[in-house]
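Since the structure is predicted, the reported quantities are computational estimates derived from the model, not experimental observations. Naming: A, B, ... by sequence-line order, numbering from 1 per chain.
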Amino acid sequence: SQKIEQNSEALNIQEGKTATLTCNYTNYSPAYLQWYRQDPGRGPVFLLLIRENEKEKRKERLKVTFDTTLKQSLFHITASQPADSATYLCAHNTNAGKSTFGDGTTLTVKP
Amino acid sequence: GAGVSQSPSNKVTEKGKDVELRCDPISGHTALYWYRQSLGQGLEFLIYFQGNSAPDKSGLPSDRFSAERTGGSVSTLTIQRTQQEDSAVYLCASSLVGGPRQPQHFGDGTRLSIL
């Protein structure tokens, strides 16, 4: 079955820098990958979806890439702000409805 | 509100008791998901409903867990004879339809504590 792995448990960066989070998948290449943000005590919130044949997707300060050769998606937050501090989750759903989430990377942006 | 609603938000119960968790999805959403999230961990997929049907129940951790959905809307997750390892946050999500392209909309979960 598909496995989603995200890099390191915590990422600390300075305000204004670019945060880069990694999502690696095993086995088959998913047609789509999704990225979510989760704040403490809250449910995840959907951010971006990227298709397998899309190299890059952007939304405001967010950018997601998909590299099928490396079996990897990168999630970038440019000009980071303390309000961007949260846990970011990568996910994949199958056509049969089974969802697989990574364990998440916790980002802390320091002022 | 128009979001996914879960109740109760917190539940404390004694080991061995049964608990029932409720999820009200966004109106019109045909797909509904249940997850379990232990402290500091990622989301563990439990079950998916398309309409009232759950095609794959293999994600449920044991036969003490069951879920149903009625009227294509409200869903309940029932845990019988609760154990301490059942303590976790149980999250529900819904999407317009099922499938890999659909974003999931989550509730804020039920925090279950088994004493």
If you round to the nearest 0.5 Å, how far is CZ of B:Arg101 from CG of A:Asn95?
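A:Asn95 CG to B:Arg101 CZ: 10.5 Å, rounded to 0.5 Å.
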When rounded to the nearest 0.5 angstrom, what is the spacing between CG in A:Asn93 and OH in B:Tyr48?
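The CG atom of A:Asn93 sits 9.0 Å away from the OH atom of B:Tyr48.
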Are more than 12 heavy atoms, taken from residues, nucleotides or ligands other than [X], located less than 6.0 Å from that residue's [atom1] atom?
X	atom1	result
B:Glu14	CD	no
A:Gln14	CD	yes
B:Leu39	CG	no

Under 4.5 Å between side-chain heavy atoms, counting indirect links through other Ile/Leu/Val/Met/Phe/Trp/Tyr residues: same cluster for [X] and [Y] or not?
X	Y	answer
B:Leu46	B:Leu32	yes
A:Ile50	A:Leu21	yes
B:Phe65	B:Tyr33	no
A:Leu48	A:Tyr32	no
B:Trp34	B:Phe45	no

Given heavy-atom pairs under 4.5 angstrom as the criterion, report whether the side chain, backbone, both or neither of [X] touches chain A.
X	answer
B:Leu91	side chain
B:Gln102	backbone
B:Phe49	neither

Heavy-atom pairs under 4.5 Å with chain B - which of A:Ser99, A:Gly43, A:Ala96 has more of them than the others?
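Counting heavy-atom pairs under 4.5 Å, the top option is A:Ser99.
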Return the option, out of A:Arg51, A:Gln34, A:Lys98, with the maximum number of heavy-atom pairs under 4.5 Å with chain B.
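Max contact count across the listed options: A:Gln34.
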Check the pair A:Gln38, B:Leu43 against side-chain contact (heavy atoms from CB on, under 4.5 Å), reporting the backbone distance first and the verdict last.
CA-CA 11 Å; A:Gln38 186 175 26; B:Leu43 274 68; 4.3 Å; yes
Could you check whether B:Phe106 and A:Phe46 have their ring centres less than 6.0 Å apart?
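That pair fails the under 6.0 Å test.
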Are any of the side-chain heavy atoms of A:Leu49 and B:Pro100 separated by less than 4.5 Å?
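SC-SC contact between A:Leu49 and B:Pro100 ruled out.
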Main-chain N/O of A:Arg42 paired to B:Asp108 side chain as donor or acceptor, under 3.5 Å
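Here the side-chain-to-backbone pair does not exist.
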Highest number of heavy-atom pairs under 4.5 Å with chain A: which of B:Gln6, B:Gln104, B:Gln41?
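It is B:Gln104.
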